[in-house]
Amino acid sequence: MNVLVINGSPKGKASNTMKLTNALLEGIAENKDNIIKQLTVKDMDITPCLGCMSCWGKTAGKCVIDDVMTQVYEDIMQADLVIESFPLYFFGMPGPMKTFTDRMMPLMETYKGECMSIGDNAFHAPRFDMSGKKLVLVSTCGYARTEEIYDALIKEYNFICGKGKYIPLLCPQGEMFAIPPLKPQIEAYLNRYREIGRLLGRGENVSVELINKASEPILPQKAFETLVNNYWNSIL
Ligand SMILES: Cc1cc2nc3c(=O)[nH]c(=O)nc-3n(C[C@H](O)[C@H](O)[C@H](O)COP(=O)(O)O)c2cc1C
């Protein structure tokens, strides 16, 4: 299986979110047949979409910009599993990841004006055959829990990909990954991601129960609040 990882954290390798993604990858790599390719968006020289819409018209399916994304389109077409990994920034994705996502336009079918009943479906059908590919979204945020805080991002992904067409692994309390005394709790949490990685790596389904467990708070509310307060007090 070809696995493509897109690290969209502006922190690059120091990303909290990548700690979870790396645990996922450990599980995936247990199947030695799997080939993993990683991209770090912050290190890529991606030209922002020009908005010319040529990829929906004159050059349908092809972007007029010749930059690193030309290879990324190829990588996506080759991938069986795509993992997008990034933090929540102002209830959405970080800027560099948005630039990356805007460049996905050539992979979307041209919109011809119909007024569809969307329901749980994506707004735009894919231009190319994406059946058989899986998408996993891994994200951390700084807030105590994921409810509500991720609503806008999830709505965006539902519109882009279709509800139920991707696996959302959303983790609150992201800052806890950087607190050394929490290592045992963090390790236990990472094991949930390793387990999901093993299933993905074997091409098996991931249950809703496991997905929900991977999105639970790392610490109980009171303990989290105390640690966050201690942290800010220590640097003031
Ligand atoms: C510019 C900026 C915006 C942020 N916006 C949010 C937010 O809307 N909600 C939230 O819970 N956390 C927010 N955070 C916190 C990050 O999501 C959190 O620290 C995350 O774990 C960082 O992940 P990373 O290390 O993978 O980049 C924000 C952080 C920054 C720097």
Side-chain angles (χ1 to χ4, degrees), residues 3-25 36-51 63 65 67-73 75-76 79 81-108 122-124 134-161 163 165-179 186 189-190 193 211 214-215 217-218 224 228 231-232 235:
V3 182
L4 178 66
V5 183
I6 298 154
N7 173 6
S9 167
K11 292 191 215 159
K13 291 202 185 336
S15 152
N16 297 330
T17 317
M18 275 306 289
K19 297 210 168 67
L20 295 170
T21 302
N22 284 332
L24 207 63
L25 293 176
I36 299 169
K37 177 167 182 176
Q38 288 199 41
L39 304 176
T40 305
V41 175
K42 87 165 182 66
D43 296 335
M44 295 162 70
D45 190 8
I46 303 174
T47 306
C49 172
L50 302 172
C63 183
I65 306 167
D67 66 356
V68 284
M69 291 304 288
T70 309
Q71 180 60 48
V72 174
Y73 299 133
D75 291 340
I76 291 173
L81 170 63
V82 177
I83 302 173
E84 293 195 345
S85 174
F86 59 82
L88 191 71
Y89 270 19
F90 282 101
F91 315 101
M93 61 181 79
M97 193 63 209
K98 181 65 165 63
T99 300
F100 180 97
T101 304
D102 288 349
R103 291 289 303 280
M104 290 298 120
M105 215 51 180
L107 305 187
M108 302 288 160
F123 260 86
H124 298 292
K134 270 190 184 152
L135 173 66
V136 176
L137 165 63
V138 185
S139 182
T140 63
C141 73
Y143 199 63
R145 54 180 171 79
T146 54
E147 287 84 4
E148 290 179 293
I149 213 91
Y150 270 105
D151 284 0
L153 185 76
I154 287 303
K155 194 147 200 178
E156 182 175 1
Y157 267 72
N158 289 348
F159 284 166
I160 297 172
C161 309
K163 193 173 177 188
K165 296 283 166 49
Y166 63 99
I167 299 176
L169 304 175
L170 313 172
C171 167
Q173 307 181 356
E175 256 59 75
M176 299 299 102
F177 287 100
I179 299 183
I186 297 294
Y189 200 84
L190 292 179
Y193 281 72
I211 294 171
S215 299
I218 299 169
F224 173 66
V228 173
Y231 172 75
W232 289 117
I235 58 167

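Using a 4.5 Å heavy-atom cutoff, the side chains of C171 and Y189 are in contact. No side-chain heavy atom of K165 sits under 4.5 Å from any side-chain heavy atom of N158. Contact of the K155 side chain with the D151 side chain is not registered, since no non-hydrogen atoms from C-beta on lie closer than 4.5 Å. When side chains are defined from C-beta on, P94 does not count as touching S9, because their heavy atoms never get closer than 4.5 Å. Side-chain atoms of L137 and L153, non-hydrogen and from C-beta on, do get closer than 4.5 Å to each other. At a threshold of 4.5 Å between non-hydrogen side-chain atoms, the residues M44 and T99 do not count as touching.
Nearest heavy-atom pair across V41 and P96 is CG1-O, 3.5 Å. Nearest heavy atom pair, residue C49 against residue I65, reads CA-CD1, 4.5 Å. Nearest heavy atom pair, residue I149 against residue R145, reads CG2-O, 3.5 Å. When all heavy atoms are compared, the tightest approach of P217 to Q173 is CB-NE2, 3.5 Å. Between T21 and S85, the shortest heavy-atom distance links the atoms OG1-OG, 2.8 Å. In plain terms, the two heavy atoms of I154 and P168 that are nearest each other are CD1-CB, 4.0 Å.
Here L107 contributes atom CG and H124 contributes atom NE2; the two are 12.5 Å apart, rounded to the nearest 0.5 Å. One distance of note links CD of E175 with CH2 of W232; it measures 7.0 Å at 0.5 Å rounding. Here the CD1-CD distance, from I6 to E84, works out to 5.0 Å after rounding to the nearest 0.5 Å. Atom CE of residue M104 and atom CE of residue M69 lie 3.5 Å apart, to the nearest 0.5 angstrom. Here Y150 contributes atom OH and L88 contributes atom CG; the two are 4.5 Å apart, rounded to the nearest 0.5 Å. Distance OG1/T17 to NZ/K11: 7.5 Å, rounded to 0.5 Å.
Within 6.0 Å of OH on Y143 lie no more than 12 heavy atoms contributed by other residues, nucleotides or ligands.
No donor-acceptor distance shorter than 3.5 angstrom exists from the side chain of T40 to the backbone of D43, with no hydrogens or angles considered. In this structure a side-chain-to-backbone donor-acceptor pair under 3.5 Å is present from R103 to T47.
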Open item on the list: Between D67 and D45, does the side-chain contact (heavy atoms from CB on, under 4.5 Å) criterion hold? Intermediate values first, please.
Closed with: CA-CA 8 Å; D67 66 356; D45 190 8; over 6 Å; no
TODO: Please report the C-alpha distance between M108 and I160 in whole Å, then the side-chain angles of each, then the deciding distance to 0.1 Å, and finally whether the side-chain contact (heavy atoms from CB on, under 4.5 Å) criterion is met.
DONE: CA-CA 9 Å; M108 302 288 160; I160 297 172; 4.0 Å; yes
Open item on the list: Please determine whether side-chain contact (heavy atoms from CB on, under 4.5 Å) holds for the pair F177 and I218, giving the CA-CA distance in whole Å, both sets of side-chain angles, and the decisive distance to 0.1 Å.
Closed with: CA-CA 9 Å; F177 287 100; I218 299 169; 3.8 Å; yes
- [ ] Take K98 and D102 through the salt bridge (Lys or Arg N to Asp or Glu O under 4.0 Å) test and state the conclusion after the steps.
- [x] CA-CA 6 Å; K98 181 65 165 63; D102 288 349; 2.8 Å; yes
Task: V72 and I46: CA distance, side-chain angles, deciding distance, side-chain contact (heavy atoms from CB on, under 4.5 Å) verdict - done: CA-CA 10 Å; V72 174; I46 303 174; over 6 Å; no
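Between F123 and F159, the two ring planes are perpendicular [angle over 60°; tilted spans 30° to 60°].
Partner of L24 under the side-chain contact (heavy atoms from CB on, under 4.5 Å) criterion, out of L190, V5, V136: V136 alone.
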